[in-house]
J.: 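One structure, as structure tokens, below. Some questions next.
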Amino acid sequence: MGSSPLDRLSDDPRVSVRRAGAPDPDGRVVLYWMQRAQRASDNPALDLAIEVGNALGKAVVAYFGLVSAFPGANLRHYQFLADGLPDVASGLARRRVGFVLRRGTRHDLERVSEEIRPALVVTDENPLREPERWRRQASERQRVPVWSVDADVIVPTAQLEREQYAARTIRPRIHRQLEWFLQASRERAARVRWRSPAGLMSLEAGPHLLDGLPIDRTVPPAPGFRGGSTEGRRRLRRFVAERLAGYADARNHPEIDGTSELSPYLHFGHLGPREVALAVQDADAPLADRQAFLEQLIVRRELAVNFVRYNDRYDELAGCEPWALDTLRRHHRDRRPYLYVPRQLEQAETHDELWNAAERQMVGTGWMHGYVRMYWAKKILEWTRSPEEAFAVAIELNDRYELDGRDPNGYAGIAWAIGGKHDRAWGPERPVFGTVRYMSFGSTSRKFDSRRYIGGQVLNPHFFHV
DNA sequence: ATCGGCTCGCGCAA
DNA sequence: TGCGCGAAGCCGAT
């Protein structure tokens with residue numbers, strides 16, 4: 001049995017062998033199909049591709065397909081993504097890795113493979129159903145080995161083995177493994193330099209990349225966010241220097257810029273979670289603040305990834321627990337004093353100015369504060385005709401307007417708010433909610449300065465990111 | 001300001 | 001089988 005250098009590399013718990021076999025000896029390169037992890041450092045998938053290339057004595061090339069068919073994505077998301085590609089290009093060059101950038105309606109790993117003739121293909125992971133299907137189908141069609149690397153979590157998702165019931169069940173399992181997995185990667189460069197075959201097509205990462213691409217352009221780019229690893233790292237440094245001290249309290253004050261606002265960068269893979277965690281862990285800030293942030297970044301974020309990976313109904317009410325489905329069903333005919341259609345919600349036309357402010361923050365800036373996201377989703381449950389409709393409307397709005405939409409965090413957050421996912425029952429039993437945890441305007445407003453949050457929105461829709 | 005009761009079920013000790 | 005306790009809550013009593 002194997003103890004060749006290659007077997008040792010595929011033995012890593014981050015790695016799944018999706019197509020087994022020996023690398024094609026006639027293959028010219030190791031091909032890294034970059035999808036989720038759109039960065040050239042703190043990227044275990046890229047690191048592995050380089051290790052394999054060096055072990056085989058072959059060059060390494062990364063292929064990125066800018067596909068217009070990504071479900072639910074619009075110009076806001078594509079602009080942010082495209083902002084990040086120049087950083088990918090320059091970062092890969094520093095590691096002597098080639099870059100092939102193409103665009104089209106869908107991924108075309110097959111054609112790129114035919115042109116480049118890889119010995120082996122490496123890719124990253126994304127637990128959402130469509131990207132997972134792309135990886136599976138592409139692996140079936142390859143004639144060379146395909147390995148995927150779980151690059152965007154700290155503890156590999158497979159280590160948890162099954163769907164976790166709550167934060168309290170995943171937390172000790174994650175903490176036990178952090179010492180092993182929370183380590184900076186060794187950023188090696190490829191030993192063999194990539195030489196592009198004559199005539200191989202690749203686009204320039206630049207401002208015109210989106211021109212003519214058939215995407216949904218009805219949502220404008222987010223005015224306060226520029227994508228990319230460089231910008232993400234700048235924001236990380238600023239957060240650690242200016243906001244980490246005091247984070248444990250400030251994060252629950254939506255009227256203050258107290259959070260990291262890094263979720264878009266993590267969503268597009270412009271930053272890796274290890275780099276963020278290590279920067280915070282080693283920071284000169286009170287322990288309680290560092291712990292509060294790491295709880296969000298690691299325990300809560302990876303619980304969300306676990307949910308999407310192991311529950312194929314992650315975007316419907318039916319994916320929630322029986323106790324919650326029962327209590328919501330018993331209350332589905334309750335009278336609802338306020339009822340809104342999706343259009344009214346989208347336009348922030350409710351009687352509740354706190355809710356409207358949260359909605360406007362999301363639509364206008366592409367990012368809603370985490371604390372009001374809970375309130376926002378729970379009120380949709382209260383103001384629509386059924387929990388199923390509430391779930392669908394919340395996901396549609398979240399995925400359309402949030403820069404970090406279409407992300408496990410969003411699905412888990414909405415399932416928590418509407419379906420009690422990862423939560424517990426709370427009495428007393430109430431209309432519509434049953435024993436799903438309730439939130440009220442009055443109580444929520446007493447915890448932070450909601451007037452200031454609302455006012456900031458009214459005076460300047462970009463208040464939060466100026 | 002703080003406290004208790006509301007309510008459910010996992011995971012572990014036994 | 002019993003028991004402790006848990007993502008951010010709410011409300012009324014003290």
Side-chain angles (χ1 to χ4, degrees), chain A residues 160-176 246-256 258-260 263 288-308 310-311 314 317 319-331 334 337 352 354-355 358 368-382 387 394 398 404 407-450 453:
Chain A
L160 282 315
E161 295 176 335
R162 61 177 179 275
E163 183 179 0
Q164 296 293 312
Y165 187 80
R168 71 183 143 92
T169 65
I170 203 175
R171 189 178 293 113
R173 293 165 213 267
I174 285 181
H175 278 282
R176 272 202 298 273
Y247 171 82
D249 290 326
R251 73 195 178 89
N252 284 334
H253 284 266
E255 76 278 26
I256 296 170
T259 69
S260 71
S263 55
D289 294 319
R290 285 181 283 147
Q291 281 174 341
F293 183 83
L294 294 174
E295 167 78 6
Q296 303 304 311
L297 175 71
I298 306 177
V299 174
R300 303 304 314 190
R301 181 169 179 273
E302 300 195 2
L303 178 60
V305 173
N306 171 271
F307 172 49
V308 169
Y310 289 104
N311 187 326
Y314 60 80
L317 185 69
C320 296
E321 304 300 332
W323 71 265
L325 302 182
D326 285 348
T327 194
L328 290 170
R329 195 183 56 240
R330 275 200 285 275
H331 287 272
D334 290 356
D352 179 337
L354 174 57
W355 194 94
M368 190 197 297
H369 189 281
Y371 192 84
V372 287
R373 286 192 197 202
M374 298 187 290
Y375 181 78
W376 176 85
K378 283 189 181 290
K379 292 299 144 181
I380 296 177
L381 170 60
E382 195 172 336
N398 181 79
D404 58 22
D407 187 280
N409 278 327
Y411 300 117
I414 288 166
W416 176 86
I418 294 174
K421 191 78 199 178
H422 302 146
D423 204 7
R424 52 189 273 217
W426 284 93
E429 198 165 350
R430 290 165 197 281
V432 183
F433 287 77
T435 57
V436 171
R437 184 193 300 257
Y438 182 72
M439 290 177 81
S440 72
F441 174 81
S443 185
T444 303
S445 297
R446 252 170 263 127
K447 291 174 188 163
F448 64 90
D449 190 347
S450 59
Y453 177 75

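Worth knowing before you read on, the calculation uses all heavy atoms, side chains too, and leaves out hydrogens, waters and symmetry mates. Quick note on labels: first sequence line is chain A, next is B, and so on, each numbered from 1.
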J.: Would you classify A/A166 as touching base, sugar-phosphate or nothing, given that sugar-phosphate means primed atoms plus P, OP1 and OP2, and contacts are heavy atoms under 4.0 Å?
T.: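 Result for A/A166 = nothing.
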
J.: Taking B/dG4 as the reference, what is the distance to C/dG4 when you measure between their P atoms (whole Å, please)?
T.: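 So the two P atoms sit 16 Å from each other.
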
J.: Mind calculating the distance between CZ (A/R171) and P (C/dG6) to the nearest angstrom?
T.: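 Atom CZ in A/R171 sits about 8 Å away from atom P in C/dG6.
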
J.: Want to know the stems of DNA chain B: at least 3 consecutive Watson-Crick or G-U pairs with distances under 3.5 Å, which are they?
T.: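 Detected stem regions: B:1-6 with C:9-14, B:8-13 with C:1-6.
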
J.: When you compare C/dC10 with B/dG9, how far apart are their P atoms, in angstrom units rounded to a whole number?
T.: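 Going atom to atom, P in each nucleotide, I get 22 Å.
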
J.: With sequence neighbours left out, write down each residue that passes side-chain contact (heavy atoms from CB on, under 4.5 Å) with A/R171, or none if nothing qualifies.
T.: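 For A/R171, the residues satisfying side-chain contact (heavy atoms from CB on, under 4.5 Å) (neighbours in sequence not counted) are A/A167, A/R168, A/H175, A/E295, A/V299.
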
J.: Under the side-chain contact (heavy atoms from CB on, under 4.5 Å) test, which residues partner A/R162, sequence neighbours left out?
T.: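 Partners of A/R162 under the side-chain contact (heavy atoms from CB on, under 4.5 Å) test: A/Q164, A/R173.
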
J.: Atom pairs, N/O to N/O, protein against nucleotides 10-13 of chain C, distance under 3.5 Å?
T.:
unit_1: C/dC10; atom_1: OP1; unit_2: A/S440; atom_2: N; d: 2.8
unit_1: C/dC10; atom_1: OP2; unit_2: A/S443; atom_2: OG; d: 2.4
unit_1: C/dC10; atom_1: OP2; unit_2: A/K447; atom_2: NZ; d: 2.9
unit_1: C/dC10; atom_1: O4'; unit_2: A/R430; atom_2: NH2; d: 3.4

J.: The criterion is side-chain contact (heavy atoms from CB on, under 4.5 Å); which residues satisfy it with A/Q296, sequence neighbours excluded?
T.: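 Expected list: A/Y247, A/R251, A/R300.
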
J.: Excluding sequence neighbours, so at least two apart, what forms salt bridge (Lys or Arg N to Asp or Glu O under 4.0 Å) with A/E382?
T.: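 Per chain and number, A/E382 pairs via salt bridge (Lys or Arg N to Asp or Glu O under 4.0 Å) with A/K379.
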
J.: What residues form a side chain to side chain donor-acceptor pair (under 3.5 Å) with A/S450, not counting sequence neighbours?
T.: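 For A/S450 the side chain to side chain donor-acceptor pair (under 3.5 Å) partners, ignoring immediate neighbours, are A/S445.
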
J.: Listed by chain and number, what are the side chain to side chain donor-acceptor pair (under 3.5 Å) partners of A/H331, not counting sequence neighbours?
T.: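 Scan of A/H331 (side chain to side chain donor-acceptor pair (under 3.5 Å), adjacent residues dropped) gives A/D334, A/E429.
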
J.: Suppose we screen for side chain to side chain donor-acceptor pair (under 3.5 Å). Which residues come up paired with A/W376, at least two apart in sequence or across chains?
T.: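 For A/W376 the side chain to side chain donor-acceptor pair (under 3.5 Å) partners, ignoring immediate neighbours, are A/E359.
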
J.: Could you tell me whether A/Q164 contacts a base, only the sugar-phosphate backbone, or nothing, with contacts defined as non-hydrogen atoms closer than 4.0 Å?
T.: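 The residue A/Q164 makes no contact with any strand.
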
J.: Hey, are A/E321 and A/R424 close enough for a salt bridge, meaning a charged N less than 4.0 Å from a carboxylate O?
T.: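 Answer for the salt bridge query: no.
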
J.: Under the side-chain contact (heavy atoms from CB on, under 4.5 Å) rule, collect the residues that match up with A/D326, sequence neighbours excluded.
T.: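 Once residues adjacent in sequence are excluded, the partners of A/D326 under the side-chain contact (heavy atoms from CB on, under 4.5 Å) criterion are A/R329, A/R330.
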
J.: What residues form a side chain to side chain donor-acceptor pair (under 3.5 Å) with A/Y314, not counting sequence neighbours?
T.: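 Residues passing side chain to side chain donor-acceptor pair (under 3.5 Å) with A/Y314: none at all.
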
J.: Under 4.0 Å from any heavy atom of chain A: name the first and the last nucleotide of DNA chain B that qualifies, 5' to 3'.
T.: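 Endpoints of the contacted stretch of DNA chain B: B/dC6 to B/dG11.
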
J.: If you draw the axis of the six-membered ring of A/W355, does the NZ or CZ of A/K378 fall within 45° of it and under 6.0 Å from the ring centre?
T.: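 No, A/K378 and A/W355 do not form such a contact.
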
